[in-house]
Amino acid sequence: MTQEMPKTYAPQQWEEKLYEWWESMGFFQPEQQIESGLADPALPPFVIAMPPPNVTGALHLGHFITSSIQDMLIRYHRMAGRPTLWVPGTDHAGIATQNVVERKLEEGGVTRHDLGRERFVQEVWDWKDEYHGQISGQQRRMGISCDWSRERFTLDDGLSDAVLEAFIRLYNDGLIYRGNYLVNWCPRCESAISDLEVEHEPIEGKLYTFRYPLRETSAGADMAIEGRSEAAVGHVEVSTTRPETILGDTAVAVHPDDVRYAHLIGRTAVVPMLEREIPIIADEHVDPAFGTGALKVTPGHDPSDYQIARRHDLPFINITNEDGSLNPEAGPYEGLDRFDAREKLWEDMRAAGLVIRETAHTHEVGHCERCHTIVEPLQSTQWFVKMKPLAEPAIDAVRNGRIKIVPARFEKNYFHWMENIRDWCISRQLWWGHRIPIWYGPDGHQFAARSESEALEQAIEQYGETVELEQDADVLDTWFSSGLWPFSTLGWPGETDAAGSEGQSAIISGSAEDLARYYPTSVLETGYDILFFWVARMIMLGVHFTGEAPFRHVYLHGLVRAEDGRKMSKSLGNALDPLDLISRYGNDALRFTLLTGSTPGNDMKLSISRIEANRNFANKIWNAARFVLLNLETASDIELGNEKERHSVTFALPPISEQTLADRWILSRLNTVQAHVTQLVASWQLGEAGRQLHEFLWSEYCDWYIEAAKPRLYGDDQGEAARATCQVLAYVLEQSLRLLHPFMPYVTEAIWSHLPGVSERAEALMTQRWPCSLERKDAAAEEAFGRVQEIVRAIRTVRAQYNVEPGRRIAATFHVDSPEHSPGQEQIAGNESAYSVNGSSALVHENLELLTNLARLDEAQVAVEADAAQGRAVFSAGAADSAAGQDGRAVMSDSTDAGGPAILLAAGGITTCLPLTGMVDLEAERRRLGKELADIERQIARAEGLLNNEKFVSKAPERVVQRERDKLKELQTRQERIAESLAQLRA
RNA sequence: GGGCGGUUAGCUCAGCUGGUUAGAGCGAUUCCCUUACAAGGAAUAGGCCGGCGGUUCGAGUCCGUCACCGCCCA
């Protein structure tokens, strides 16, 4: 607080400085938290394994939303006193990274094959080193309070050991197998990819219909059945979207019940251009309604044809090479690209008179997720994980509640996918990744080993002599290593499992201690788009290898979309760079926008205006703090409470007896907000929690409490009143900063560092304790202050309506109901904080100064009259003798007209009379009151309707009924008063 | 084909076990540079909560159905 706070909060001047300080102080590490006494080692730790970003390039808003949510949770739990660990890291991202580096090489005209495996992999490592530094720098700008000392990379030694261990265990358990199956093949990546990595998109293609020639039979003449076209006898009409696959056909199939083709079953068709003979078969899976109802069967290049072929024991013909060109099976079309071959073959068939027609046809086509090439189903020898045995326990973990998914509706998706899971193709024909730890002997025997030397040992045992072994050339799907992330990063498998083997791979860099202490983790936060890719696999592998669900909760956020609702992407040019937004609006502004802008599982459109609004919010708090500090410096000796506890250093409060209604009100509200926010965070309603804090700080603390405090600070009777007010101002600010810190870490920390006394006695706001419930809920104060607000608002509304200059102070008379009530507090026995303002008399008398200042009244012309019935006196009271005083000339010009019209306001349980003599537009006033009356009468009708309904009274809870009764009573009072006012206006 | 989500103010969205007069931000209108903040203050306007039907004393909220938009899976 030594330096002056500038008028505007400048995030750029704080963020990097604060982050470096936090990090250097060790606040992000659980050991430090325990050592400093913030965390209680007896409490269960709160742990998050951060979803590792790919090392492919810059971070985007998706990373910032996940970081913001996790950081919010981490900061909250850290403040709540749990040892808190957030493990960061990056993912090698197999295909994605390899593609990026290949593309870079291509620019120099070099392919990975030119370099060879070893040199290429080195290139990728160089890339990784460069981008990793960039990424962790960006993450620091994002302000994430993770434990960098535990940072991991999926290809580092420890994690590679975990991958080896996992593979070998699964292999030995018979859950990993190698086989020749139809897989999704990307001809550009020249690799197999898993089902999940195929994206289906509608393509406007063509449906090609042609004549499949039939071989003549000796009984051919007999087959000519009446009513059938001649063509159908010598041909069968077939449609396809991929004519080139004709070259791989091994059958034509029709539905067994299809009378059109019944006579053809068992006959032989001839593959065009190849003259290969294939059978015509019947299969129930043929859809008679699609195309001509006759289906060409290409088992080597179509998954459903593959199934038909297996049922009918048909041969499989693979017609394509790995790069998508056709192989010798394609006969004269060998060497052509699959799409060129499509054209060429079709033209040749047209020349041969086989073509019937082409029609426009939109159909779903699989594309490679990474390079968008059209995927070719292809028979290939690959490695697979058997999923059923892994899925079942993973389904149970969610079904029996050991893992809860937020929002819960995603559990249904999870179950559906898991229950219909298919084996996972894990081998990739890439160079960047974990190489499959299988060595082949001369006879093809497989040795699963942690190292080549271990494989050789096994081989000697197998063959009785030393033989040449060859390691499998493929690498593992990148998600295989990510699937181990929550435990591999904590040191799994630890010394116990891998220590036995020799060689470099046995080095375990992680510590099993972390695994014991911090596993299972608490929550896994990520986007719903990788529920299957990643979350499901972590659960399966986690349960399988550790016997425990890897986390208790899965929190899924939605996608951050562009303002127009489209997905942000570089190619569309609508992607916003989070770092750029941070430097323009501040980390807190962007973070708060992401945290409050959507609910779990739902996408959000990020709007700049919202970020601006939240930047303004940060500035608002900054300025509220400026105001408080300005006054703190003049008020002497603000006491600090809880000095012994360095994590709960705060300002002392004045004794209850010195607290005003406004003090009690704001303290009660603080208490309520604290309770709500705590409860909301516990139930994952982070956005609502943030919104409540926003509402509290801006609309209550700033708009009302600070305004209410001003007269007490600047008033004549300085001294004690000012001091007490300062204490409450400072206390509420300080406590609010704690509550807001997880949502807006920087501005809160920056302000906190200015707080006199506090920042000297404690380390940092981020290591302060989350406020506990103070049980300072004061319903009476909230109710009473609410009435003050109502009165003030009513006066302001009228002032605005009559264009009374904002600076002008006006006269007012408050008509209260009970002259007997003397001003002063009444304390209810047994609850010293409870305070009741009995009747409107005490309320107005005690808050006269407040009302005067908030409504800009002229204190010399304010009167309180004990005549709630407000008879004629009302109209003479407003224009009292002093009416012409001060600057009241314009308004009060005819103030001598003591009986002139005045404005009567029924609000806050009293009637307020504003003698805006000379300004009152009788007609407008009648309209205003008439409208108000109508509104009240509508509400009365509603309440009466309810209360007259016997079923409502008997069935609704008493609480609800009573509320209606109270409401009705109040409405009737107001109705009465407004009606009287109206009557007088008309008189 | 199966499943999920959305439809609330001009725009973007909240509204969690059904219960005051349905809220916020932005935008709009009027006024104000009042000694924390013009990135601000005061006030105002604007909504048969997508349609229809049902359950209930009571429905934005629960159920059914339809429409449109979007997503996932096959």
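Proteins come first, then strands; the chains are lettered A, B, ... in the order of their sequence lines, and each starts at number 1.
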Just to verify, what does [X] make a salt bridge (charged side-chain N to carboxylate O under 4.0 Å, His left out) with, not counting sequence neighbours?
| X | result |
| --- | --- |
| A:Glu707 | A:Lys710 |
| A:Glu369 | none |
| A:Asp287 | none |

What's the CZ-C1' distance between A:Arg409 and B:rC16, to the nearest Å? 13 Å
Under the salt bridge (Lys or Arg N to Asp or Glu O under 4.0 Å) rule, what pairs show up with a residue in residues 601-615 of chain A, not counting sequence neighbours? A:Arg561-A:Asp603
Out of B:rC26, B:rA14, B:rC37, minimum distance to the side chain of A:Asn602 belongs to B:rA14
In terms of side-chain heavy atoms of A:Lys605, which of B:rC57, B:rC37, B:rC13 is nearest? B:rC13
Closest-nucleotide ordering on RNA chain B, the 5'-leading residue of A:Glu563 and A:Val628: A:Glu563
Atom pairs and distances, donor-acceptor, side-chain atoms in residues 686-695 of chain A, under 3.5 Å, two or more places apart:
unit_1: A:Glu688; atom_1: OE1; unit_2: A:Arg691; atom_2: NE; d: 3.2
unit_1: A:Glu688; atom_1: OE1; unit_2: A:Arg691; atom_2: NH2; d: 3.3
unit_1: A:Arg691; atom_1: NH1; unit_2: A:Thr596; atom_2: O; d: 2.7
unit_1: A:Gln692; atom_1: OE1; unit_2: A:His676; atom_2: ND1; d: 3.1

Can you confirm if the aromatic rings of A:Trp14 and A:His754 lie within a centre distance of less than 6.0 Å? yes
Indicate every side-chain donor-acceptor pair of residues 405-417 of chain A with a distance under 3.5 Å to a residue at least two apart or in another chain.
unit_1: A:Arg409; atom_1: NH2; unit_2: A:Asn602; atom_2: OD1; d: 3.0
unit_1: A:Glu411; atom_1: OE2; unit_2: A:Ile405; atom_2: N; d: 3.1
unit_1: A:Tyr414; atom_1: OH; unit_2: A:Ala394; atom_2: O; d: 2.8

Under 3.5 Å, which protein N or O atoms sit close to an N or O of nucleotides 38-44 of chain B? Give each pair with its distance.
unit_1: B:rA39; atom_1: O4'; unit_2: A:Asn616; atom_2: OD1; d: 3.1
unit_1: B:rA39; atom_1: O2'; unit_2: A:Asn619; atom_2: ND2; d: 3.3
unit_1: B:rA39; atom_1: N3; unit_2: A:Arg615; atom_2: NE; d: 3.3
unit_1: B:rA39; atom_1: N3; unit_2: A:Asn616; atom_2: OD1; d: 3.4
unit_1: B:rG40; atom_1: OP1; unit_2: A:Asn616; atom_2: ND2; d: 2.9
unit_1: B:rG40; atom_1: O3'; unit_2: A:Lys620; atom_2: NZ; d: 3.0
unit_1: B:rG41; atom_1: OP1; unit_2: A:Lys620; atom_2: NZ; d: 3.0
unit_1: B:rG41; atom_1: OP1; unit_2: A:Trp698; atom_2: NE1; d: 2.5
unit_1: B:rA43; atom_1: O3'; unit_2: A:Thr797; atom_2: OG1; d: 3.3

Separation between the P atoms of B:rG64 and B:rG70, rounded to whole Å: 24 Å
Considering only atom P, compute the distance from B:rU8 to B:rG3 and round it to an integer number of Å. 25 Å
Can you tell me if A:Ser194 and A:Glu197 form a side-chain donor-acceptor pair at under 3.5 Å? yes
Tell me, which pairs form a side-chain hydrogen bond (donor to acceptor under 3.5 Å, both in side chains) where one or both residues lie in residues 950-960 of chain A, sequence neighbours left out? none
Among all residues two or more places apart in sequence or in another chain, which pass the side chain to side chain contact (heavy atoms under 4.5 Å, CB included) test with A:Asn948? A:Glu944
Detail all sub-3.5 Å separations between protein N/O atoms and N/O atoms belonging to nucleotides 20-22 of chain B.
unit_1: B:rU20; atom_1: O3'; unit_2: A:Lys967; atom_2: NZ; d: 2.8
unit_1: B:rU21; atom_1: OP1; unit_2: A:Arg942; atom_2: NH1; d: 2.9
unit_1: B:rU21; atom_1: OP1; unit_2: A:Lys967; atom_2: NZ; d: 2.5
unit_1: B:rU21; atom_1: OP2; unit_2: A:Arg942; atom_2: NE; d: 3.2
unit_1: B:rU21; atom_1: OP2; unit_2: A:Arg942; atom_2: NH1; d: 3.0
unit_1: B:rU21; atom_1: OP2; unit_2: A:Arg942; atom_2: NH2; d: 2.8

Quick one: stems for RNA chain B, with Watson-Crick or G-U pairs under 3.5 Å, at least three in a row? B:1-7 with B:67-73, B:10-13 with B:23-26, B:28-32 with B:40-44, B:50-54 with B:62-66
Heavy-atom count around A:Glu364 CD within 6.0 Å, excluding the residue itself: above 12? yes
Pairs under 3.5 Å (N/O, protein and nucleotides 69-74 of chain B):
none

